[in-house]
*Asks:* 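Take this structure first; my questions come after.
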Amino acid sequence: MTRELTDIILRVIERAPEWIRRDLDSKDAVARIRAEESLAAMIADALDRHESATV
């Protein structure tokens, strides 16, 4: 993974809403999965925007 991709992912994680942070640590599987999927979507969006900006 390049430093640039690492930085993009780190920025997404830094700005993740509190509910995602809380639910990632939840014992409730449904809440945890929802948080994981939401964070994955945020990361995918950030990577897509980066790719679109560099084309």
Side-chain angles (χ1 to χ4, degrees):
M1 185 176 273
T2 67
R3 181 67 189 170
E4 188 174 21
L5 291 177
T6 301
D7 289 343
I8 292 167
I9 294 168
L10 180 59
R11 282 194 301 271
V12 170
I13 292 170
E14 288 173 342
R15 65 179 173 82
E18 187 59 36
W19 73 264
I20 287 180
R21 296 169 185 268
R22 182 184 59 247
D23 287 358
L24 284 171
D25 193 38
S26 177
K27 293 188 188 316
D28 178 6
V30 173
R32 193 172 55 253
I33 291 169
R34 181 186 63 208
E36 290 167 352
E37 290 175 348
S38 296
L39 185 57
M42 290 173 66
I43 292 170
D45 181 61
L47 293 173
D48 187 50
R49 288 175 187 232
H50 174 73
E51 184 178 308
S52 295
T54 58
V55 173

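The figures that follow rest on heavy atoms only: side chains count, while hydrogens, waters and symmetry mates do not.
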*Asks:* One thing to verify: whether R32 and D28 come together as a salt bridge, which I'm taking to mean a side-chain N less than 4.0 angstrom from a carboxylate O.
*Replies:*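 Looking at D28 and R32, the cut-off is not met.
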*Asks:* Kindly work out whether a path of hydrophobic side-chain contacts (I/L/V/M/F/W/Y, heavy atoms less than 4.5 Å apart) joins L39 to L5.
*Replies:* yes
*Asks:* Quick test of your reading: applying salt bridge (Lys or Arg N to Asp or Glu O under 4.0 Å), list the pairs with at least one residue in residues 34-55, sequence neighbours left out, ordered by first then second residue.
*Replies:* D23-R34, D45-R49
*Asks:* side-chain contact (heavy atoms from CB on, under 4.5 Å) with D25: which residues, sequence neighbours excluded?
*Replies:*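 With sequence neighbours excluded, D25 shows a side-chain contact (heavy atoms from CB on, under 4.5 Å) to no residue whatsoever.
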*Asks:* Atom OG of S52 and atom CG of L47: how far apart are they, to the nearest 0.5 Å?
*Replies:*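 Separation between the atoms: 11.0 Å.
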*Asks:* Side-chain atoms of residues 11-21: list all donor-acceptor pairs with protein atoms under 3.5 Å, sequence neighbours left out, distances to 0.1 Å.
*Replies:*
residue, atom, partner, partner atom, Å
R21, NE, A16, O, 3.2
R21, NH2, I13, O, 2.9
R21, NH2, E14, O, 2.8

